[in-house]
Structures are given as C-alpha cells and as structure tokens.
Amino acid sequence: MHSVKEQRQRLIEHLQGEGFLKSPEVIRAFEKIPREMFVPENFRSGAYADEPLPIGYGQTISAPHMNAWMTELLEIEKTHTVLEIGTGSGYQAALLARLAKHVYTVELDGQLVGHAKRALKKAGIHNVTVILGDGAHGYFRKAPYDRILLSCGAAKIPPVLVDQLKDHGILVGPVGGLFRQVLTRVIKSGGELRTETFGSVSFVPLRKEINVDLAKP
Ligand code: SAH
C-alpha cells in the first residue's frame with residue numbers, strides 16, 4: 001500500500017497527464033491540501049481516486065479533475081478575495097485558499113458547514129470563512145470579489161453573482177440542466193461580459209432557499 005503522500009503525488013501526475021493541472025501554483029496547492037481530511041472517514045481509502053465521493057446529506061465532493069479544471073480557469077492571484085457558492089466538504093475552498101488572500105464560501109446545509117469548518121481547521125487553513133446561507137444571493141457583505149466559483153449547477157448564472165464580481169473579475173461555474181451542465185467562464189470587463197464554455201460536467205443543483213437572504217445588508 002502506498003503512503004497518502006505517494007497517492008496524492010500519483011493523482012497529481014495523473015491530472016497533469018490529462019491536462020487538468022497545469023500551473024505550478026495550482027499543482028503546489030494540490031500537493032499541500034490533504035484531501036483525505038475532507039472526505040468522510042469511511043471513504044478515506046478512495047480519497048486519491050479521480051472520482052466524486054458522497055459527503056452525506058445527498059451531496060458530493062467533486063472528482064479531483066473538476067477541482068483542478070475550475071481552479072485553473074479562475075487564474076487566482078495572491079491578492080485576490082474569492083467567493084465560492086457550495087462549500088460541501090470544504091476541499092475546493094481549501095485549494096482556493098492556498099492561492100488567494102481570503103476565501104468566503106457559502107453553504108446551505110448547516111451540517112456540511114460544521115464538517116467543512118472542522119476539516120479546514122484540522123488542515124491548518126485559516127483564510128477561509130464558511131458562511132451558512134443561500135449562495136444564490138451571493139454574499140453581499142464582502143463584495144465585490146476578484147473571483148467567484150459557483151460549485152453547484154445552475155440554469156443560468158445568477159445576475160446577483162455577476163453584480164458582486166469586480167471589473168476584470170472572473171466567474172466560473174456549471175450552467176445548464178439538472179443533471180448535465182457546461183462548465184462556463186464569465187469575464188467582466190468594462191461592464192461587458194465575455195462568456196466562454198468548456199466541457200460537459202455534472203454537478204448537484206443550486207437549491208433555492210427563500211428564507212435566508214444574504215444579499216441584504
Ligand atoms: N465544492 C464542494 C462540492 C460542492 S457540491 C467540495 O469541494 O466538496 C455542491 C454544494 O452546494 C453542496 O454542498 C450543496 O449543499 C451546496 N448548495 C446547493 N445549493 C446551494 C445554495 N443555494 N447556497 C449554498 N450552497 C448550496
């Protein structure tokens with residue numbers, strides 16, 4: 001049996017070979033974040049397979065190549081403030097946190113918020129704020145953001161998220177139907193939006209929660 005470190009290194013090489021991991025900074029983030037700390041205990045042995053895993057409460061942690069792909073598309077810099085919608089396990093937020101100054105991540109499920117907070121603490125990551133609420137409204141309090149990652153599928157990108165993006169900011173997320181979406185990147189520049197589409201992906205949907213509205217100050 002290979003050590004966790006060896007398994008992690010093999011996964012990184014696999015993701016590089018597949019073209020999902022490219023930049024030295026993102027590769028470094030993958031090397032530094034212990035994915036096994038973010039997956040449920042009974043799935044730890046599969047932490048370094050390139051497959052999605054159940055994290056409970058009907059939700060899943062994405063396959064590592066999705067994390068790699070989305071993180072590369074975001075082109076994060078050390079000075080950036082990043083917003084993520086859909087914390088789930090907190091693994092993606094941890095990767096973003098290695099690259100950015102601060103990450104705000106919104107999750108609808110209270111129990112997942114608790115798990116993610118504990119995993120982030122255990123992994124020694126201190127520049128992530130996990131917020132319980134409906135991410136369909138973004139997170140008004142710390143807007144605007146340099147980068148936004150929508151980590152759940154939406155029929156269209158909520159306009160409020162584009163509003164909370166800085167000029168020259170980048171938003172990445174899966175856009176489309178309930179089971180299949182297209183990975184989409186929106187670049188805001190001088191009030192104009194440039195949209196690019198990438199491959200077909202499958203994310204759990206952005207759920208609607210009308211009772212919590214973080215967009216209101
Ligand atoms: N980024 C996560 C995986 C996200 S799965 C990881 O690294 O593990 C999508 C997550 O979005 C789920 O945890 C789900 O509960 C959450 N979600 C769905 N609708 C939401 C909403 N309206 N606001 C915030 N979170 C939402």
Side-chain angles (χ1 to χ4, degrees), residues 11 15 20 26 29-30 33-40 43-44 46-71 73-74 76 82-100 103-120 122-123 125 128-141 147-161 164 171-176 178-179 181 183 201-215:
L11 172 65
L15 297 177
F20 288 111
V26 180
F30 268 77
I33 304 298
R35 191 169 190 261
E36 73 279 6
M37 285 188 190
F38 292 87
V39 308
F43 288 104
R44 290 235 160 116
Y48 290 100
D50 189 17
E51 283 161 18
L53 287 172
I55 47 175
Y57 319 104
Q59 305 303 321
T60 49
I61 175 170
S62 313
H65 74 267
M66 279 309 318
N67 301 118
W69 197 2
M70 296 191 296
T71 308
L73 286 176
L74 281 168
I76 296 169
V82 182
L83 173 67
E84 182 195 25
I85 309 303
T87 314
S89 67
Y91 177 66
Q92 176 68 65
L95 290 172
L96 301 174
R98 285 287 312 182
L99 301 160
V103 177
Y104 295 91
T105 178
V106 185
E107 170 59 53
L108 200 56
D109 185 306
Q111 284 182 292
L112 286 176
V113 166
H115 283 292
K117 278 187 177 172
R118 281 193 292 278
L120 287 160
K122 206 167 149 204
I125 297 153
V128 177
T129 308
V130 186
I131 300 134
L132 173 64
D134 183 0
H137 303 288
Y139 185 56
F140 177 86
R141 286 186 185 87
R147 300 290 186 260
I148 298 179
L149 177 62
L150 183 57
S151 279
C152 29
K156 61 176 206 140
I157 290 171
V160 68
L161 294 186
Q164 291 180 16
L171 182 153
V172 170
V175 180
L178 208 53
F179 301 107
Q181 309 90 21
L183 190 60
V201 294
S202 180
F203 275 78
V204 298
L206 176 75
R207 287 173 288 144
K208 293 268 183 307
E209 182 57 78
I210 45 170
N211 297 327
V212 210
D213 190 351
L214 290 165

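When a ligand or atom number is given, it counts from 1 through the structure's own listing order. Owing to the predicted nature of the structure, the values given are computational and were not obtained by experimental measurement.
Listed here is the closest heavy atom pair of D109 and L132: C-CD1, 4.0 Å. Residue V175 comes nearest to A155 through the heavy atom pair CG1-O, 3.4 Å, listed as atom of the first residue, atom of the second, then distance.
Side-chain N or O atoms of Q181 include none that pairs as donor or acceptor with a backbone N or O of A154 at under 3.5 Å.
Rounding to the nearest 0.5 Å gives a distance of 10.5 Å between CD1 of I61 and OG of S151. In this structure, the separation between CZ on R44 and CZ on F38 is 10.5 Å, given to the nearest 0.5 Å. A distance of 5.0 Å separates CD1 of I157 from CG of L171, quoted to the nearest 0.5 Å. Between E84 atom CD and I148 atom CD1 the span is 11.5 Å, to the nearest 0.5 Å. How far OH of Y139 is from OG1 of T105: 11.5 Å, rounded to the nearest 0.5 Å.
Contact annotation: for V204 versus ligand 1, heavy atoms closer than 4.0 Å belong to the side chain alone. Heavy atoms of P205 found under 4.0 angstrom from ligand 1 belong exclusively to the backbone. Under 4.0 Å from ligand 1, the heavy atoms of T87 that appear belong solely to its backbone. Contacts of Q59 with ligand 1, taken as heavy-atom pairs under 4.0 Å, involve the side chain alone.
Remark: ligand 1 and G135 share an N or O pair separated by less than 3.5 Å (distance only, no angle test). Checked by distance only, ligand 1 and E107 come closer than 3.5 Å through their nitrogen or oxygen atoms. Polar contact check, Q92 against ligand 1: a nitrogen or oxygen pair lies under 3.5 Å apart. In terms of polar-atom proximity, defined here as any N/O pair under 3.5 Å, G86 does make such a contact with ligand 1. In terms of polar-atom proximity, defined here as any N/O pair under 3.5 Å, S89 does make such a contact with ligand 1. For ligand 1, the polar-atom distance check against T60 finds no nitrogen or oxygen pair separated by under 3.5 Å. Of the N or O atoms in L206, none lie within a sub-3.5 Å distance of an N or O in ligand 1.
Ring geometry for Y91 versus F30: interplanar angle over 60°, hence perpendicular rather than tilted (30 to 60°).
Using a 4.0 Å cut-off to heavy atoms of I61, the atoms of ligand 1 that qualify are 8 (O). Each of the atoms 23 (N), 24 (C) of ligand 1 lies under 4.0 Å from some heavy atom of G133. Residue contact check: S151 has heavy atoms under 4.0 Å from atoms 1 (N), 4 (C), 5 (S), 9 (C) of ligand 1. Those atoms of ligand 1 that come under 4.0 Å of a heavy atom in D134, given as number and element, are 21 (C), 22 (N), 23 (N).
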(request) Determine, step by step, whether V201 and W69 satisfy the side chain to side chain contact (heavy atoms under 4.5 Å, CB included) criterion, reporting the C-alpha distance in whole Å, the side-chain angles of both residues, the deciding distance to 0.1 Å, and the verdict. (result) CA-CA 11 Å; V201 294; W69 197 2; 3.8 Å; yes

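Side-chain contact check for Q92 and T71: at least one donor-acceptor pair (N or O, by modelled atom type) lies under 3.5 Å.
Proximity of T105 to ligand 1 is not established, as no heavy-atom distance is less than 4.0 Å. A heavy-atom separation below 4.0 Å is not found between A116 and ligand 1.
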